[in-house]
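Since the structure is predicted, the reported quantities are computational estimates derived from the model, not experimental observations. All chains are named by letter (A, B, ...) in the order of the sequence lines, taking the proteins before the strands, and each is independently numbered beginning at 1.
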There are 2 protein chains.
Amino acid sequence: MNPTPRLDEQLCFALYAASRAMTARYRPLLDALGLTYPQYLAMLVLWERDGLSVGDLGERLQLDSGTLTPLLKRLEAAGLVLRTRRPSDERSVDIRLTAEGQALRTQAAAIPERLLCHTDLIPEELFRLRDELKALTARLTVSIPTQGETP
Amino acid sequence: MNPTPRLDEQLCFALYAASRAMTARYRPLLDALGLTYPQYLAMLVLWERDGLSVGDLGERLQLDSGTLTPLLKRLEAAGLVLRTRRPSDERSVDIRLTAEGQALRTQAAAIPERLLCHTDLIPEELFRLRDELKALTARLTVSIPTQGETP
DNA sequence: AAAAACTATATTGCACACAATTTAATTGCG
DNA sequence: CGCAATTAAATTGTGTGCAATATAGTTTTT
């Protein structure tokens, strides 16, 4: 009935390839800061708002503790953050930037611009694409209806 | 000089989040076939053209042998492909579908449609988004100019 | 107040990604 | 021919992602 799906026609592969290509573009710039790409994203969140819990960070990045706990431990080992149990609720772990973590912010500020310079992309197009991707993510993220659900 | 980049403004994060959200949507459908998402992509390529080498597959998927070798070994262990040294050049490894691997094609054919049904996305928009992502990938993938290169 | 239910993180196990190195086969050159 | 250079996979090591489970702390219920 349906034809076999072709790789080049799949939005899913276009997304997957674009995401990895983007990460590859960031890598040399992030190497200079000693950060991996997901670590950079976590730092972006912390630079916006310090002292979030692991859960807060996970909500923002859409990552769970299985991913974040080891990532944050590596950031701690690198001296960029501190992980401390929240006194008011010992279940929560506060992630706070160290002075070194704060300082990295200055260097990171140059990254988006340097990336743009290397790729001759038009900012307006990027903004539109970004917003379309956000809309797509929102639609993909709605709760999946259970097979045969009848409420 | 530059402001600290904000997570929500970054195209890179929109891409990263969308790609993972898409993979998450595929997961339950692929679980039914016993495939992971990258394995599914590899199978898509093989259903289009059987008997490719590891390198050919890697070129198509933009993945290197460090990723593909274990992935293909798992597909072989699952009985979906055979890995054989090419007689004309023993360095190359031919990947060929088994009868079982060919048979899976029929079930896979229903997947893209089922995914669309679950997400009320308009096909025309998706096609356009896909093509924009391909263009982005192409621009991100051009050879990175060396710092201070003067040809 | 003690048990049960709930919540936040951590741990474990598996499967990618990707850099760097290794191994084996082939090609090219003197 | 003989050997250096090249090529194709495989291997090794690190860092995600994510499901499933475990642990510890908190709240709710009886």
- Message: Need to verify one output field. Residue with the more 5' nearest nucleotide on DNA chain C, A/Pro70 or A/Tyr16?
- Response: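 Going by which nucleotide is closer to the 5' end, it is A/Pro70.
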When you measure from the side-chain N and O atoms of [X] to the phosphate of [N], is any distance below 4.0 Å, counting only OP1 and OP2?
X	N	result
B/Gln39	C/dA15	no
B/Ser92	D/dA9	yes
B/Arg74	C/dC14	no

- Where does the angle between the aromatic ring planes of A/Trp47 and A/Tyr40 fall among parallel (under 30°), tilted (30 to 60°) and perpendicular (over 60°)? perpendicular
From [atom1] of [X] over to [atom2] of [N], roughly how many Å is that when rounded to an integer?
X	N	atom1	atom2	value
A/Asp31	D/dG15	CG	P	12 Å
A/Arg20	D/dG17	CZ	P	12 Å
B/Lys73	C/dC16	NZ	C1'	15 Å
A/Met43	D/dT16	CE	P	13 Å
B/Arg83	D/dA9	CZ	P	11 Å
B/Leu71	C/dC18	CG	C1'	14 Å
B/Tyr37	D/dA19	OH	C1'	19 Å
A/Leu72	C/dT9	CG	C1'	11 Å

- Query: With a non-hydrogen cut-off below 4.0 angstrom, is B/Arg86 in contact with a base, only sugar-phosphate, or nothing?
  - Reply: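 Since no nucleic acid heavy atom lies under 4.0 Å of B/Arg86, the category is nothing.
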- Message: Mind checking if B/Thr23 touches a base, just sugar-phosphate, or nothing, with heavy atoms under 4.0 Å?
- Response: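 Touches nothing.
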- Message: Just checking A/Glu59: does its CD atom have more than 12 heavy atoms from other residues, nucleotides or ligands closer to it than 6.0 angstrom?
- Response: no
- Evaluate whether atom CZ of B/Arg86 has more than 12 neighbouring non-hydrogen atoms of other residues, nucleotides or ligands under 6.0 angstrom away.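 Yes, because the 6.0 Å sphere around CZ of B/Arg86 holds more than 12 heavy atoms from other groups.
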Say you draw a straight line from [atom1] of [X] to [atom2] of [Y]; how long is it, rounded to the nearest 0.5 Å?
X	Y	atom1	atom2	value
B/Arg60	B/Leu52	CZ	CG	8.5 Å
B/Arg83	B/Glu76	CZ	CD	5.0 Å
B/Gln62	B/Leu57	CD	CG	12.0 Å

- Toward the 5' end of DNA chain D, by each residue's nearest nucleotide, B/Ala21 or B/Asp94: B/Asp94
- Task: Specify the residue among A/Ser88 and A/Thr36 whose closest nucleotide of DNA chain D lies further upstream toward the 5′ end.
- Result: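 Counting from the 5' end, the first nearest nucleotide belongs to A/Thr36.
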- Checking C/dT9, D/dA9, D/dG25 against the side chain of B/Arg85 (C-beta onward), the nearest is D/dA9
- Task: Output, in order, the C-alpha distance, side-chain angles, deciding distance and verdict of side-chain contact (heavy atoms from CB on, under 4.5 Å) for A/Leu71 and A/Leu75.
- Result: CA-CA 6 Å; A/Leu71 184 155; A/Leu75 288 180; 3.8 Å; yes
- Message: Would the base of C/dT26 count as contacting B/Arg91 through its side chain, where contact means a donor and an acceptor less than 3.5 Å apart?
- Response: no
- Item | A/Ser92 side chain reached by A/Val54 side chain, heavy atoms, under 4.5 Å |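 No; the side chains remain at least 4.5 Å from each other.
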- Message: Just to be sure I understand the geometry, which residues of residues 56-69 of chain A put a non-hydrogen atom under 4.0 Å away from DNA chain C?
- Response: A/Ser65, A/Gly66, A/Thr69
